[in-house]
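Letters A, B, ... mirror the listed sequences (proteins, then strands); counts begin at 1.
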Protein chains: 2
Amino acid sequence: MARKTKAEAALTRDRIVTCARQVFSREGVTNTSLETVAKEAGVTRGAVYWHFRDKADLFMAVRQQTGTLLRFDDFRTGDALERLEAGLQAALDRLRTDRQALETYEVMLWKCEYVGAFASVRKDLMSASSLFLTEVTEFYGEAVRMKLASADLDPALAARETLCFYAGLLKLWLADENGVTVRAEVRQLITQHVARRRLQKAV
Amino acid sequence: MARKTKAEAALTRDRIVTCARQVFSREGVTNTSLETVAKEAGVTRGAVYWHFRDKADLFMAVRQQTGTLLRFDDFRTGDALERLEAGLQAALDRLRTDRQALETYEVMLWKCEYVGAFASVRKDLMSASSLFLTEVTEFYGEAVRMKLASADLDPALAARETLCFYAGLLKLWLADENGVTVRAEVRQLITQHVARRRLQKAV
DNA sequence: AGATTTACATACAGACATGTATGTAAATCT
DNA sequence: AGATTTACATACATGTCTGTATGTAAATCT
């Protein structure tokens with residue numbers, strides 16, 4: 001077949017990744033055949049196997065294309081607890097407004113089996129959790145030092161609770177299609193969660 | 001083949017369910033073939049198809065065999081917050097001590113794609129979440145009435161936060177094989193989560 | 001300008017899973 | 001005791017997916 005320009009090839013690759021995400025989210029990772037992805041992208045499996053080693057590799061590309069939801073570095077203003085809340089709110093905001101992010105995370109949390117080649121992805125997720133813990137522990141440490149939070153707040157333990165809260169919130173938010181469980185009140189939920197750690201400000 | 005007694009047949013069915021759970025947890029639901037399950041159980045696919053319509057049906061049986069983790073009704077002593085905590089602790093205790101429960105929940109949370117015939121299972125899980133909300137909202141309502149918690153604690157909102165916490169805790173606990181993220185401190189985590197809702201008892 | 005890659009499409013070979021149809025001997029029913 | 005189910009095992013028919021091998025015309029390199 002006629003060889004494509006490097007730029008065209010990059011576009012093809014990107015189309016494959018985008019379509020893979022959509023098919024994954026419709027049919028689940030294990031059930032999607034590379035044939036389906038290829039057709040959706042207007043190419044053949046030849047193109048898919050040219051750009052990616054196998055389905056697991058393609059899955060990694062889907063994750064990378066979307067990137068990470070939570071980026072506390074984006075928030076530099078306000079006290080530690082305000083920055084923590086801003087980061088969490090922004091993550092959930094992105095799910096609400098960015099369809100790509102929504103699809104990717106729905107695949108990761110509800111439509112993927114972490115087995116075989118995908119077991120390593122689960123370890124990745126746990127590494128991300130460890131990073132989360134480090135960052136949030138830092139926030140709580142600062143909050144205690146600045147007297148925003150009670151002196152007997154254990155930063156590491158509180159961070160773990162926040163991690164659980166966040167993980168569960170993501171998972172439930174994605175599944176809560178009619179909004180009755182958590183979707184309608186995400187904002188308040190996050191605000192309240194952080195506020196509960198603040199001194200003298202029971203909610 | 002020689003017909004089995006009703007009792008023998010029931011044993012066969014149970015063996016199939018047990019083996020299905022193990023294979024699911026090893027290979028993921030989508031990747032397990034009924035042939036593998038059958039072999040593991042010492043029968044042929046004929047037996048599997050006799051007892052179950054298809055893989056989804058078998059999956060339901062696996063869930064039913066294990067039952068539900070969280071049963072607040074088991075705890076009748078203590079105040080509302082104590083009963084809530086006892087329920088949560090018991091659920092995580094069961095994961096720790098009951099291998100069957102552990103396998104089932106690992107399958108449900110990490111090794112199953114909620115797509116196609118399994119989409120309805122996700123709705124089941126969300127229904128269970130609604131029930132959780134009802135029960136926990138009741139606990140918090142009682143806590144407020146009994147002055148265990150601040151009067152401006154919103155029971156419904158607090159219950160949603162607890163739901164997120166619990167969902168995330170389960171998921172992370174199951175993935176945290178080396179215990180660094182949450183497994184080592186589950187007990188404290190739960191205690192702290194509930195305690196934070198109690199008046200005058202910051203942790 | 002010629003040599004070499006590249007970016008795919010096409011073709012091939014094999015494995016594997018599913019659902020159903022059929023067979024059968026013993027358990028259960030009447 | 002005979003008729004009927006039952007609890008499977010066996011056999012069949014079919015579809016689907018994977019990975020690789022090969023072909024090819026145009027980009028890119030020198």
Side-chain angles (χ1 to χ4, degrees), chain A residues 1-20 22-24 26-62 107 111-113 115-119, chain B residues 1-62 107 111-113 115-119:
Chain A
M1 199 227 179
R3 178 180 174 187
K4 300 289 179 61
T5 294
K6 276 187 185 176
E8 288 174 321
L11 286 182
T12 300
R13 194 193 121 104
D14 215 64
R15 249 189 4 258
I16 293 174
V17 174
T18 297
C19 292
Q22 292 167 356
V23 179
F24 285 166
R26 278 207 320 265
E27 317 192 352
V29 174
T30 313
N31 274 319
T32 66
S33 70
L34 297 185
E35 172 75 25
T36 306
V37 173
K39 262 185 188 157
E40 202 107 342
V43 294
T44 67
R45 270 170 55 240
V48 176
Y49 276 101
W50 171 257
H51 287 286
F52 308 96
R53 240 166 68 89
D54 52 19
K55 200 200 286 180
D57 193 28
L58 178 54
F59 179 77
M60 300 300 188
V62 167
V107 168
K111 286 153 183 197
C112 179
E113 297 177 3
V115 164
F118 291 83
Chain B
M1 198 221 181
R3 178 178 174 186
K4 300 288 179 60
T5 296
K6 276 187 187 179
E8 288 174 320
L11 286 182
T12 300
R13 194 194 120 103
D14 215 63
R15 246 185 12 254
I16 292 174
V17 174
T18 297
C19 292
R21 169 165 34 83
Q22 292 166 357
V23 180
F24 285 165
S25 96
R26 277 207 322 266
E27 317 193 351
V29 175
T30 312
N31 274 319
T32 68
S33 70
L34 297 186
E35 171 75 27
T36 306
V37 172
K39 263 185 187 157
E40 202 105 342
V43 295
T44 67
R45 273 169 53 241
V48 177
Y49 277 101
W50 170 256
H51 287 287
F52 308 96
R53 238 166 68 90
D54 52 21
K55 200 200 285 180
D57 192 30
L58 179 53
F59 179 77
M60 301 299 190
V62 167
V107 169
K111 285 150 181 200
C112 179
E113 297 177 3
V115 164
F118 291 83

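Taking atom CG of residue B:L34 and atom P of nucleotide C:dA17, one finds them 9 Å apart after rounding to whole Å. With rounding to whole Å, B:W50 atom CH2 is found 16 Å from C:dG19 atom C1'. When the P atom of C:dT18 is taken as reference, atom CG of B:D54 falls 10 Å away, rounded to whole Å. The NZ-P distance, from A:K39 to C:dA9, rounds to 13 Å in whole Å. Rounding to whole angstrom units, CG of residue A:L11 and C1' of C:dC8 are separated by 15 Å. Distance, B:K55 NZ to C:dT20 C1': 18 Å, rounded to whole Å. Between the OH atom of A:Y49 and the P atom of D:dG23 there is a distance of 21 Å, given to the nearest Å. Computed from coordinates, the A:E8 CD to C:dA7 P distance equals 10 Å when rounded to whole Å.
Comparing A:R45 and B:N31 against DNA chain C, the residue whose closest nucleotide sits nearer the 5' end is A:R45. Mapped onto DNA chain C by nearest heavy atom, B:T30 and A:R13 fall at different nucleotides, with A:R13 at the one closer to the 5' end.
Remark: B:H51 is not in phosphate contact with D:dA7, judged by side-chain N or O atoms under 4.0 Å from OP1 or OP2.
With contacts defined as side-chain heavy-atom distances shorter than 4.5 Å, the pair B:T32/B:K55 qualifies.
Remark: C:dT10 base-pairs with D:dA21; criterion is Watson-Crick or G-U wobble with both hydrogen-bond distances under 3.5 Å. With a cut-off of 3.5 Å on both Watson-Crick or G-U wobble distances, the partner of C:dC16 is given as D:dG15. Judged by Watson-Crick or G-U wobble contacts below 3.5 Å, the nucleotide D:dT30 has C:dA1 as its partner.
In this structure, the nucleotide among C:dT5, D:dC29, C:dT28 sitting nearest to the side chain of B:K6 is C:dT28. The B:T5 side chain lies nearest to C:dA27 when the options are D:dG19, C:dT18, C:dA27.
Of all heavy-atom pairs between A:E8 and A:T5, the closest is OE1-N, 2.8 Å. In plain terms, the two heavy atoms of B:V37 and B:C19 that are nearest each other are O-CB, 4.2 Å.
Among the heavy atoms of the strands lying under 4.0 Å from B:T44 is at least one base atom, whether or not backbone atoms are also near.
In this structure, A:E27 CD and A:T36 OG1 are separated by 5.5 Å, a value rounded to the nearest 0.5 Å.
Looking at B:R3, its side chain has no donor and acceptor atom pair within 3.5 Å of the base of C:dT28.
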side-chain contact (heavy atoms from CB on, under 4.5 Å), that's the test. Do A:F52 and A:L34 meet it? Break it down for me. CA-CA 10 Å; A:F52 308 96; A:L34 297 185; over 6 Å; no
